[in-house]
There are 2 protein chains.
Amino acid sequence: MTGRRPATLQDVADAAGVSLATASRALNGGTRRVKDEYRERVEAAADRLGYSVNSSAQSVALGRARSIALVVSDIADPYFSQLASGAFRAAARDRLVVTLAMTEWDPARELDIVRELRGQRHRAIILSGSRVDDEDAAERLLAELLAFESEGGRVIVLGRPGLPFATLEIDNAGGAAELARRLSGLGYERIAVLGGPARLDAARSRVGGLVTGFAAAGVAVDPSLVVESDFTRDGGYAAAGEVLERIADVDLVVAVNDVMAVGAMTRLREAGVAVPGDLAVAGFDDIAMLRDVAPSLTTVRLPLEDMGERALVLATVEGRDPVREVVSGEVVLRDSTPSR
Amino acid sequence: MTGRRPATLQDVADAAGVSLATASRALNGGTRRVKDEYRERVEAAADRLGYSVNSSAQSVALGRARSIALVVSDIADPYFSQLASGAFRAAARDRLVVTLAMTEWDPARELDIVRELRGQRHRAIILSGSRVDDEDAAERLLAELLAFESEGGRVIVLGRPGLPFATLEIDNAGGAAELARRLSGLGYERIAVLGGPARLDAARSRVGGLVTGFAAAGVAVDPSLVVESDFTRDGGYAAAGEVLERIADVDLVVAVNDVMAVGAMTRLREAGVAVPGDLAVAGFDDIAMLRDVAPSLTTVRLPLEDMGERALVLATVEGRDPVREVVSGEVVLRDSTPSR
DNA sequence: CTGTTAGCGCGTTCAT
DNA sequence: ATGAACGCGCTAACAG
């Protein structure tokens with residue numbers, strides 16, 4: 001049972017009594033210049049033999065695979081899983097295969113992955129994780145991506161500015177600034193920021209936007225109340241613990257993403273701090289699970305699923321123009337930040 | 001910039017002044033039977049030329065790819081994204097590539113996907129979505145999987161019983177029955193079940209387990225209070241709406257998975273029904289986001305990440321024995337179901 | 001230990 | 001419109 005050889009195109013051709021070339025054209029050839037009778041015979045034979053193209057061989061012959069690679073930081077993070085979901089939906093429409101890879105926020109691993117992906121000759125590589133500062137890795141990553149592109153592959157960058165490829169940029173600073181403006185309009189003025197890791201580009205931009213935005217509204221963010229942490233739910237949970245120690249100085253906690261905000265809310269709840277009664281909370285991204293947390297969380301909405309779809313479209317489009325689209329978030333005020 | 005040909009192994013060999021075979025052995029050959037001097041020269045040349053193996057060609061030569069395919073229903077669903085996360089982590093250890101495919105709960109699409117994956121000559125296909133009743137599709141799916149296996153591929157089935165492949169089975173009925181037993185022990189006796197779609201195997205098993213478990217404890221579940229719906233958050237939300245109409249007859253709502261339970265809690269909250277004050281709620285799976293919902297949700301814990309890892313290990317292991325492991329859930333009582 | 005050579009399965013000229 | 005023959009990049013005998 002375990003030794004049968006997969007039916008090959010030659011087998012199909014033989015069974016149909018035609019040449020390999022004809023079978024190829026009938027089955028996988030784009031140009032339909034095959035007599036109907038032959039075509040039917042070939043299809044029947046293929047069906048009977050349970051034939052299925054060897055896509056590796058196809059890739060070798062064609063020089064490139066029918067697949068797209070998507071690189072994420074952590075697929076269990078709702079931000080990335082929603083992004084990926086959108087990408088998969090779009091890929092299905094074009095019968096494209098998607099290979100997913102997970103960096104776990106590690107630049108070295110990201111480099112390894114891209115190198116590996118390059119060898120797989122994908123049509124495109126979509127890089128969706130945020131940039132992590134690491135001079136050396138960044139340079140080598142760029143080299144690898146440039147090589148991939150020069151070999152005819154396409155590179156799409158999602159939410160990581162400054163790379164010479166088609167880019168779907170997220171206006172992190174702008175969204176954060178607008179959020180700050182709206183929140184200060186509600187009367188908040190003693191701000192704690194759960195800032196994520198400083199070496200993460202997206203985190204830094206959001207913190208910067210918040211500080212700028214509050215400043216523009218006349219609210220100074222105390223730097224000692226900007227606490228670093230992981231960009232994850234646990235990071236938010238832990239960071240909230242630090243804020244608790246100075247709770248008297250704070251009326252609003254803004255996390256640089258939703259998973260952190262949600263983790264923080266849990267930490268506060270455990271400490272008996274009422275949200276928003278004692279402390280208001282806001283996040284960033286508008287991940288799907290927010291529909292089910294209470295109180296409902298104020299945030300900056302990003303069209304995550306659409307972004308995933310869009311990235312995949314950019315990946316398949318033929319145009320060689322270095323697109324650069326900017327996605328801006330929309331502030332959504334909810335129960336976690338009532339007017340004071 | 002867009003026309004360069006990828007460096008080939010032959011290029012590397014030429015640059016290093018050795019034969020193709022030597023270059024192959026030095027770079028990708030497992031057995032290190034290459035003189036160090038040559039090896040170094042080859043590696044240097046490869047580096048200089050920015051060489052990267054064409055894994056398609058490698059696959060053609062070897063007859064099989066260094067990759068695993070993972071089929072999920074919806075990657076945005078926490079159940080699957082946690083599963084996938086575990087699988088990716090395990091795959092990284094073996095430097096294995098993982099191709100992900102999403103069926104969106106559609107048996108026809110699942111069949112298409114498996115057919116496509118077969119052509120990609122993966123080492124293994126992991127099927128993680130639950131079975132959806134569809135005689136015709138099921139039969140053809142089985143045929144496709146058997147063909148894949150007979151060609152030397154490995155099939156791993158996760159949470160779908162009755163297929164002749166290595167199986168990681170989930171004791172849905174047992175877990176549900178135990179949950180029912182414990183809940184009835186807390187004093188609940190007027191039960192509503194958010195049952196998911198009847199055509200979904202996992203959903204049906206869990207409903208069955210609940211009914212059996214409650215019956216064993218002397219509690220009869222009113223069949224008219226078992227409401228069908230989608231296996232999703234929105235399904236739970238909608239189903240809770242139906243339960244609201246008969247709220248006087250109910251003291252506990254059990255959903256067949258956590259996302260549904262969480263959606264239901266939101267629906268109840270919106271209707272002004274207090275959980276657990278007016279109504280208790282329980283779910284199934286123990287997805288990660290439960291850490292952040294309030295009140296904390298009673299559920300049946302499944303080691304999702306471990307299961308993903310385990311599936312990947314089964315996929316890579318050589319043994320041809322038809323493994324069949326059973327994962328049983330552990331009931332976790334939390335605040336959403338206090339003793340009455 | 002190294003080089004030569006024959007495949008792997010498929011797409012695609014180039015004749016016919 | 002069809003078939004024969006070559007090439008894609010790589011691995012694995014087989015000889016040396």
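In what follows, every chain begins at residue 1, and chains take the letters A, B, ... in the order their sequences are listed.
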Open item on the list: Using whole Å, what does the distance between atom P of nucleotide D:dA13 and atom CG of B:L20 come to?
Closed with: 16 Å
- [ ] Give the rounded distance in Å between these two atoms: CZ of A:R64 and P of D:dC8.
- [x] 16 Å
Task: Value in whole Å for how far the P atom of D:dC10 lies from CZ of B:R66 - done: 16 Å
Open item on the list: Please report the distance, rounded to the nearest Å, between OH in B:Y38 and C1' in C:dT2.
Closed with: 7 Å
- [ ] Look at the side-chain N and O atoms of A:N54 and state whether any lies under 4.0 Å from the OP1 or OP2 oxygen of C:dC8.
- [x] no
TODO: Evaluate side chain to side chain donor-acceptor pair (under 3.5 Å) for A:T99 paired with A:S67, printing each intermediate quantity in order.
DONE: CA-CA 7 Å; A:T99 289; A:S67 57; 5.3 Å; no
Side-chain donor-acceptor pairs of residues 48-55 of chain B under 3.5 Å, sequence neighbours excluded:
residue, atom, partner, partner atom, Å
B:S52, OG, A:G119, N, 3.2
B:N54, OD1, B:S56, N, 3.0
B:N54, OD1, B:A57, N, 3.2
B:S55, OG, A:G119, O, 3.3

Open item on the list: Rounding to an integer number of Å, can you tell me how far B:E37 CD sits from C:dC1 P?
Closed with: 14 Å
TODO: Determine: side-chain N/O of B:S24 to OP1/OP2 of D:dC10, distance under 4.0 Å, yes or no.
DONE: no
- [ ] To the nearest Å, give me how far apart CG (B:L9) and P (C:dC8) are.
- [x] 20 Å
Task: Residue A:K35, side-chain heavy atoms: nucleotide from D:dA1, C:dG9, D:dC10 that is nearest - done: D:dA1
TODO: Give a yes/no answer on whether the side chain of A:N28 brings an N or O atom under 4.0 Å of OP1 or OP2 in C:dC10.
DONE: no
Task: Nucleotide D:dG9, atom P - distance to CD of A:Q120 in whole Å - done: 17 Å
TODO: Among D:dG3, C:dG7, C:dC10, find the nucleotide with the atom closest to the side chain of A:A61.
DONE: C:dC10
Task: D:dG9 phosphate, OP1 or OP2, under 4.0 Å from B:Q58 side-chain N/O - done: no
TODO: Answer yes or no for B:R64 and B:F148: cation-pi contact, defined as NZ/CZ to six-membered ring centre under 6.0 Å and angle to ring axis within 45°.
DONE: yes
TODO: Whole angstrom is fine here: how far is it from CZ in B:R5 over to C1' in D:dC8?
DONE: 11 Å
TODO: Answer with base, sugar-phosphate or nothing: what part of the nucleic acid does B:T8 contact at a heavy-atom distance below 4.0 Å?
DONE: sugar-phosphate
Task: A:Y51 side chain, from C-beta outward: closest of D:dA12, C:dC10, C:dG7 - done: C:dC10
Task: Under 4.0 angstrom between B:T22 side-chain N/O and C:dG3 OP1 or OP2 - done: yes
Open item on the list: If we check side chain to side chain contact (heavy atoms under 4.5 Å, CB included) with B:I113, which of these qualifies: B:I125, B:V71, B:L141, B:L127?
Closed with: B:V71
Open item on the list: Any donor-acceptor pair, under 3.5 Å, between the side chain of B:R25 and the base of C:dG3, if you only look at N and O atoms?
Closed with: yes
Task: Interatomic spacing from CG in B:L158 to CZ in B:F80 - rounded to 0.5 Å - done: 9.0 Å
